[in-house]
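Convention: sequence-line order gives letters A, B, ...; per-chain numbering from 1.
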Number of protein chains: 2
Amino acid sequence: MVGTRKFNEEKVLDIAIDVFSRKGFNATTMLDLAKETGVQRGSLYNAYQNKNVLFFKAFSHYTDKFLTFIESELQQSDAKKAFTQLLKTVVERLCSDKEVKGCFSTRAIMEAAQQCPDIHVCLTRFLDGLEVIMKNRLEQAIKDKQFVGDAQSSARYLVALTRGIAVIERVYNDKARMTEIYQTALEYMPFKKVS
Amino acid sequence: MVGTRKFNEEKVLDIAIDVFSRKGFNATTMLDLAKETGVQRGSLYNAYQNKNVLFFKAFSHYTDKFLTFIESELQQSDAKKAFTQLLKTVVERLCSDKEVKGCFSTRAIMEAAQQCPDIHVCLTRFLDGLEVIMKNRLEQAIKDKQFVGDAQSSARYLVALTRGIAVIERVYNDKARMTEIYQTALEYMPFKKVS
DNA sequence: ATCATTTTTGACATAGGTGTCAAAGTTAGT
DNA sequence: ACTAACTTTGACACCTATGTCAAAAATGAT
């Protein structure tokens with residue numbers, strides 16, 4: 001390649017995710033992204049055509065990392081512990097920063113899903129991915145006699161629950177409340193101790 | 001009063017709720033509201049100072065009606081049936097229109113809660129109200145030996161679940177999926193049949 | 001070292017939304 | 001019927017964001 005790109009694309013996408021997380025999709029402008037990444041607005045328009053495409057790229061970047069992470073969190077022999085661990089880190093991620101942040105994907109769903117078919121598709125794929133990962137782990141748990149519910153419907157239910165927790169974060173921004181919610185949910189689910 | 005307001009304020013607020021539901025808070029402009037209500041933009045600025053205040057008024061109008069409605073849905077002797085009924089109508093409301101709509105409050109939470117303290121307060125109050133209504137019904141169920149969980153934490157959990165279902169609506173817009181989710185959740189909850 | 005190709009940069013025109021205001025219109029109360 | 005008080009209306013100035021473009025700068029390949 002000849003006129004090589006100056007900016008670190010990975011870094012820009014990471015920052016973009018952060019900005020989108022904090023401000024939401026609509027409230028984030030190309031100027032915001034330019035300022036926070038240190039890349040000129042024109043360069044962003046050159047590299048990506050517009051905000052939608054930039055978002056699309058940033059989101060793909062994010063989901064790949066996130067789904068891998070989720071999957072790794074579920075690698076634990078005890079199924080209930082595995083899901084507890086997963087939800088615990090999800091909550092911790094949501095509340096990690098001093099400054100209020102929020103869930104990237106949930107904010108995007110509520111704002112951008114209808115506006116742009118491409119974004120809608122990648123959001124759907126993301127939730128589908130989450131669901132599959134959870135379903136697989138639940139099927140394993142059923143085989144291990146650690147769970148007696150239906151894997152498919154329980155996975156869908158858990159996906160919805162995580163979205164709900166992300167909404168609760170916006171209102172109360174209270175880790176204890178979010179923890180209480182997922183603990184209640186997991187307590188009610190038909191996990192079994194194997195003796 | 002002398003120069004009386006021409007437009008029907010109740011009607012305007014109802015329409016405003018509808019527009020905010022469909023477009024979301026940020027994407028809704030005063031022009032949109034003027035067009036859809038048939039009231040001139042200037043009149044809206046005269047009656048309410050700005051979009052935030054208008055939203056605030058519309059939201060108060062909405063929550064009063066909604067919470068009363070929720071409470072009435074829970075008036076059933078069988079606790080599990082009562083909550084099933086509630087979630088069923090919530091889902092039906094979310095999917096009722098031919099054109100995609102979405103949950104007014106959840107959209108507002110994800111978009112506007114951080115932007116405006118007033119709105120944040122009324123959103124918090126709304127969720128608190130929901131929680132109290134559900135908690136009261138669960139306490140009744142416990143007295144009736146129809147529920148063996150903790151009323152407070154279960155109510156918070158259910159509030160989160162309804163928010164999650166509203167997010168799922170945005171992505172899949174699929175009534176069957178939403179129904180499956182709340183049925184799974186209620187199935188897992190420790191409701192008891194009284195014989 | 002030069003060239004071809006891409007990126008960077010700043011400027012520009014455009015579009016859309018906000019909030020304000022003065023003038024015109026309306027109406028309850030006297 | 002008149003008036004005082006309010007609403008309606010359309011115009012206005014302002015701001016912010018978008019997307020485009022031409023010129024300048026940068027650099028891998030020859």
Side-chain angles (χ1 to χ4, degrees), chain A residues 1-59 61 107-108 111-112 114-119, chain B residues 1-59 61 107-108 111-112 114-119:
Chain A
M1 265 256 247
V2 195
T4 346
R5 197 158 287 173
K6 279 275 191 56
F7 65 83
N8 180 340
E9 195 158 5
E10 170 120 6
K11 219 171 199 168
V12 164
L13 294 181
D14 279 334
I15 293 174
I17 287 164
D18 185 62
V19 180
F20 280 125
S21 296
R22 280 186 282 113
K23 305 200 174 188
F25 181 77
N26 288 318
T28 300
T29 68
M30 289 297 263
L31 199 74
D32 291 330
L33 294 167
K35 272 184 196 159
E36 302 229 26
T37 58
V39 176
Q40 289 260 3
R41 208 164 54 86
S43 295
L44 292 177
Y45 275 105
N46 176 59
Y48 318 94
Q49 292 109 332
N50 53 48
K51 194 168 82 170
N52 278 8
V53 174
L54 203 165
F55 181 91
F56 188 82
K57 290 265 171 74
F59 191 77
H61 181 64
R107 300 200 70 169
E111 287 194 68
Q114 259 56 37
Q115 287 176 39
C116 172
D118 283 346
I119 291 179
Chain B
M1 262 255 246
V2 198
T4 349
R5 198 157 286 170
K6 281 272 193 58
F7 65 83
N8 179 339
E9 196 158 5
E10 170 121 4
K11 219 170 199 171
V12 163
L13 294 181
D14 279 334
I15 293 174
I17 288 165
D18 186 60
V19 180
F20 280 126
S21 296
R22 281 187 281 113
K23 305 200 173 187
F25 182 78
N26 287 318
T28 300
T29 69
M30 289 298 262
L31 200 73
D32 291 330
L33 293 168
K35 273 184 195 159
E36 303 229 26
T37 58
V39 176
Q40 288 260 4
R41 207 164 55 85
S43 294
L44 292 177
Y45 275 105
N46 177 59
Y48 317 93
Q49 293 109 332
N50 53 47
K51 194 168 81 170
N52 278 9
V53 174
L54 202 166
F55 181 91
F56 188 81
K57 289 266 172 73
F59 191 78
H61 181 64
R107 299 199 70 170
E111 288 193 66
Q114 260 55 37
Q115 287 175 39
C116 173
D118 283 347
I119 292 179

Do you know which two heavy atoms are closest between [X] and [Y], and how far apart they sit?
| X | Y | value |
| --- | --- | --- |
| B/Ala112 | B/Ile119 | CB-CG2, 4.0 Å |
| A/Gln115 | A/Phe25 | OE1-CE2, 3.8 Å |
| A/Ile17 | A/Ala58 | CD1-O, 3.4 Å |
| A/Ala27 | A/Asp32 | O-OD2, 3.4 Å |
| A/Asp118 | A/Phe56 | O-CE1, 3.6 Å |

Gap between atoms [atom1] and [atom2], on [X] and [N] respectively (whole Å):
| X | N | atom1 | atom2 | result |
| --- | --- | --- | --- | --- |
| B/Arg5 | D/dC6 | CZ | P | 11 Å |
| A/Phe25 | D/dA17 | CZ | C1' | 13 Å |
| A/Asn26 | C/dG17 | CG | P | 12 Å |

**Study point:** Residues which pass side-chain hydrogen bond (donor to acceptor under 3.5 Å, both in side chains) with B/Lys57, listed by chain and number, not counting sequence neighbours
**Key:**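 Scan of B/Lys57 (side-chain hydrogen bond (donor to acceptor under 3.5 Å, both in side chains), adjacent residues dropped) gives none.
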Practice item. With sequence neighbours left out, write down each residue that passes side-chain hydrogen bond (donor to acceptor under 3.5 Å, both in side chains) with A/Lys51, or none if nothing qualifies. Key: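 A/Lys51 satisfies side-chain hydrogen bond (donor to acceptor under 3.5 Å, both in side chains) with no residue once adjacent residues are dropped.
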Review point. Is there any side chain to side chain donor-acceptor pair (under 3.5 Å) pair reaching into residues 33-49 of chain A, and which pairs are they, with sequence neighbours excluded?
Key: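 Residue pairs passing side chain to side chain donor-acceptor pair (under 3.5 Å), neighbours aside: A/Glu9-A/Tyr48, A/Arg22-A/Glu36.
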Exercise for review: Note down the inter-axis angle between the two ends of the helix from C/dA1-D/dT30 to C/dT30-D/dA1, five pairs each, to the nearest 10°.
Suggested key: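 For the helix from C/dA1-D/dT30 to C/dT30-D/dA1, the axes at opposite ends meet at about 10°.
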**Study point:** DNA chain D contacts among residues 8-22 of chain A, heavy-atom distance under 4.0 Å
**Key:**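 Within residues 8-22 of chain A, no residue comes under 4.0 Å of DNA chain D.
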Check your understanding: Quick one, which residues of residues 29-52 of chain B touch DNA chain C with a heavy atom under 4.0 Å?
Key ->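 The answer is B/Thr29, B/Met30, B/Leu31, B/Arg41, B/Tyr45, B/Asn50.
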**Study point:** Side chain proximity check, A/Glu10 to A/Asp14, heavy atoms < 4.5 angstrom
**Key:**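 A/Glu10 vs A/Asp14: side chains touch.
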Review point. Quick one: does B/Leu54's side chain get under 4.5 Å of B/Phe59's, heavy atoms only?
Key: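 No, every pair of side-chain atoms sits at 4.5 Å or beyond.
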